[in-house]
S.K.: 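A single structure is presented below for examination.
Please read these numbers as outputs of a predicted model, since none were measured by experiment. Naming convention: chains lettered A, B, ... in sequence-line order (proteins, then strands); numbering from 1 in each chain.
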Protein chains: 2
Amino acid sequence: MLSTSSKYAIKAVLFLALHSNENHKMMVKDIFQRINVPQQYLAKILQELSKKDIISSARGPKGGFYLSDTNKTLPLINIVDVIEGRHRLQSCMLSIKECDSQNPCALHDLVGNANSYFLKNLEETTIEKLIEDIRDGKAILPL
Amino acid sequence: MLSTSSKYAIKAVLFLALHSNENHKMMVKDIFQRINVPQQYLAKILQELSKKDIISSARGPKGGFYLSDTNKTLPLINIVDVIEGRHRLQSCMLSIKECDSQNPCALHDLVGNANSYFLKNLEETTIEKLIEDIRDGKAILPL
DNA sequence: TCCGAAATGTGACATTTATCATATTATCCC
DNA sequence: GGGATAATATGATAAATGTCACATTTCGGA
């Protein structure tokens, strides 16, 4: 439903949201073990996110990746849009283009409104909001 | 959520359920266009399903693939078990092993009970049942 | 102003998944 | 029994995804 890359990206962004800010940037080598993602792969992912302004970065000494306040207001869907696009999230379980509730495929009812529910949440939930819930104990964050 | 192979397999099985029986077997070359699956790829998939007794087959003239009455009583999950196993259906959106409702990952609530609902339906819905619904007009079958 | 720290850019390599091609084996029918 | 037919077996190729390595650029600090 999400590619490995997207999962890694989300984990990394949430980690940065919790542990970094403009005055406390974090380097790849201090992140990768903590979220269990291969170092070089993580580097590539963070660079893509940075280029698309999902996260922020600074080069040189004292540099690293971090989330600005603006970054934190973005919805989660932006992360997966940058990493893999949205095709994997489309709802039809048999990948039939014309499939919808008016013209459902054979499996349509078996999956229910699962995908659209998930997609809607990705669109509506901001990083900020998710982190707040975690801080408030409303959500847990095993990474 | 399902691999392309599984989707092809499900389409093919449903097609066979509707159009074949012990006295009317069907050849790959008469199926693949109708369900829009590459011929050789479909052949390979049908062979795997046949070897695992999800579908039936006969060689030589008048041979082909078909679904026996016994085959039709199998739940849909058997198809995906044979083709790709069950890992892709596991519920955690971040692929975290320890993730469950007691110890939910950050995205757990965003996906809700979607996957478990889908999995349950795959386990409980037999090919037979699905075909009946289609025949009764309760479900539609664009392949 | 130079050294080293860190992201960035580029591309090679590995793995998985999807697709195609071809030779082999079993079965029916004459 | 021999020829045509259709599944079966094996493996080659292609494409997408995931992983690694290294050279380059930018920037801070002594």
Side-chain angles (χ1 to χ4, degrees), chain A residues 1-12 16 20 22-33 35-68 71 80 82-85 87-88 94-95, chain B residues 1-12 16 20 22-33 35-68 71 80 82-85 87-88 94-95:
Chain A
M1 201 150 172
L2 291 178
S3 69
T4 311
S5 297
S6 292
K7 292 173 185 174
Y8 287 173
I10 291 173
K11 284 170 133 192
L16 285 175
S20 79
E22 188 145 11
N23 300 315
H24 182 67
K25 299 160 188 140
M26 296 200 70
M27 297 181 294
V28 177
K29 69 169 181 228
D30 293 327
I31 304 173
F32 82 97
Q33 317 95 322
I35 61 175
N36 195 32
V37 172
Q39 181 167 8
Q40 302 299 330
Y41 195 8
L42 176 61
K44 188 167 275 189
I45 288 172
L46 290 179
Q47 286 161 206
E48 287 177 53
L49 292 173
S50 169
K51 183 163 23 171
K52 298 289 178 50
D53 294 317
I54 308 291
I55 67 177
S56 305
S57 65
R59 293 181 171 192
K62 299 291 264 176
F65 294 98
Y66 64 101
L67 261 65
S68 69
N71 292 147
V80 357
V82 161
I83 301 297
E84 61 168 323
H87 45 282
R88 220 182 273 243
L94 293 177
S95 304
Chain B
M1 201 150 171
L2 290 179
S3 69
T4 311
S5 297
S6 291
K7 292 174 185 174
Y8 288 172
I10 291 173
K11 285 169 132 192
L16 285 175
S20 79
E22 187 145 11
N23 301 314
H24 182 68
K25 298 158 189 142
M26 296 200 71
M27 295 181 295
V28 175
K29 69 169 181 228
D30 294 327
I31 304 175
F32 81 96
Q33 316 97 323
I35 61 174
N36 195 32
V37 172
Q39 182 167 8
Q40 302 300 329
Y41 196 9
L42 176 60
K44 189 167 275 191
I45 288 172
L46 290 179
Q47 286 161 206
E48 288 178 52
L49 292 172
S50 169
K51 186 166 16 174
K52 297 288 177 52
D53 294 317
I54 308 292
I55 67 176
S56 305
S57 66
R59 293 182 171 190
K62 299 290 266 176
F65 294 97
Y66 65 99
L67 261 65
S68 69
N71 293 148
V80 358
V82 162
I83 301 298
E84 61 169 324
H87 45 283
R88 220 183 275 243
L94 293 177
S95 304

S.K.: Inspect the contact between B:K44 and B:E48 and indicate whether a charged nitrogen and a carboxylate oxygen are less than 4.0 angstrom apart.
M.R.: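 So B:E48 does not pair with B:K44 through a salt bridge.
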
S.K.: Does a side-chain heavy-atom distance below 4.5 Å link A:Y66 with A:E22?
M.R.: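 They are in side-chain contact.
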
S.K.: Contact class for B:A58 (heavy atom, under 4.0 Å): base, sugar-phosphate, or nothing?
M.R.: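 It contacts sugar-phosphate atoms only.
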
S.K.: What is the separation between atom NZ on A:K51 and atom P on C:dA7, rounded to the nearest whole Å?
M.R.: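 Rounding to the nearest Å, NZ of A:K51 and P of C:dA7 are 16 Å apart.
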
S.K.: Can you measure B:I45 atom CD1 to C:dT19 atom P for me and round it to whole angstrom units?
M.R.: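 For the pair B:I45 CD1 and C:dT19 P, the rounded distance is 8 Å.
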
S.K.: Measure the shortest side-chain to side-chain distance between B:I54 and B:N71 over non-hydrogen atoms and say whether it is less than 4.5 angstrom.
M.R.: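 In short, these two side chains do not touch, never coming nearer than 4.5 Å.
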
S.K.: Quick one: closest heavy-atom pair of B:N36 and B:K11, and the distance?
M.R.: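 The answer is O-NZ, 4.4 Å.
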
S.K.: Identify which nucleotide among C:dT27, C:dT8, C:dA5 has an atom closest to any side-chain atom of A:F65, counting heavy atoms from C-beta outward.
M.R.: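 Closest nucleotide to the A:F65 side chain: C:dT8.
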
S.K.: Let me know, please, whether B:K62 or A:K44 comes out on the 5' side of the other along DNA chain C by nearest nucleotide.
M.R.: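 Nearer the 5' end of the strand: A:K44.
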
S.K.: Between C:dA18, C:dC28, C:dC20, which one does the side chain of B:S3 approach most closely?
M.R.: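 The nucleotide sitting nearest to the side chain is C:dA18.
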
S.K.: 5'-most contact on DNA chain D: B:A43 or A:S5, nearest heavy atom basis?
M.R.: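 Between the two, 5'-proximity favours B:A43.
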
S.K.: Does a side-chain N or O of B:T4 approach OP1 or OP2 of C:dT17 to a distance below 4.0 Å, or not?
M.R.: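 B:T4 to C:dT17 OP1/OP2: no side-chain N or O under 4.0 Å.
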
S.K.: At 4.0 Å (heavy atoms only), tell me whether A:K29 reaches a base, stays on the sugar-phosphate, or touches nothing.
M.R.: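 Touches sugar-phosphate only.
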
S.K.: Output yes when at least one side-chain N/O atom of B:Y8 is less than 4.0 Å from OP1 or OP2 of C:dA18, else no.
M.R.: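 No, outside the criterion.
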
S.K.: Could you state the CZ-P distance from A:R88 to C:dT17, rounded to the nearest angstrom?
M.R.: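 In whole Å, C:dT17 P lies 11 Å from A:R88 CZ.
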
S.K.: Output the rounded distance in Å from CG (B:L42) to P (C:dA18).
M.R.: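 Rounded to whole Å, this separation is 14 Å.
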
S.K.: How many Å lie between CZ on A:F32 and P on C:dA7, as a whole number?
M.R.: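 In whole Å, C:dA7 P and A:F32 CZ are 12 Å from each other.
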
S.K.: When the distance from CE of A:M27 to C1' of C:dT8 is rounded to whole Å, what number comes out?
M.R.: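 So the two atoms are 16 Å apart, to the nearest Å.
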
S.K.: Going 5' to 3' on DNA chain D, which nucleotide is the first and which the last to come under 4.0 Å of a heavy atom in chain A?
M.R.: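 Contact boundaries, 5' end first: D:dT17 to D:dG28.
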
S.K.: Do the non-hydrogen side-chain atoms of A:E84 and A:L2 ever get within less than 4.5 Å of each other?
M.R.: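 With C-beta onward as the side chain, the pair touches.
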
S.K.: Taking OH from A:Y41 and P from C:dA14, how many angstroms apart are they, rounded to a whole number?
M.R.: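 Those two atoms, OH and P, are 17 Å apart.
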
S.K.: Less than 4.5 Å apart, any side-chain heavy atom of B:Q39 and any of B:V28?
M.R.: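 They are in contact (side-chain heavy atoms under 4.5 Å apart), so the answer is yes.
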
S.K.: Please give, in whole Å, the distance from C:dC20 C1' to B:Q47 CD?
M.R.: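 Value for this atom pair: 13 Å.
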
S.K.: Is the closest side-chain donor-acceptor distance between B:Y8 and B:S3 under 3.5 Å?
M.R.: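 Result is no, nothing qualifies.
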
S.K.: Taking for each residue the nucleotide of DNA chain D bearing the nearest heavy atom, is the 5' side occupied by A:G60 or by A:Q39?
M.R.: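 In this pair, the answer is A:Q39.
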
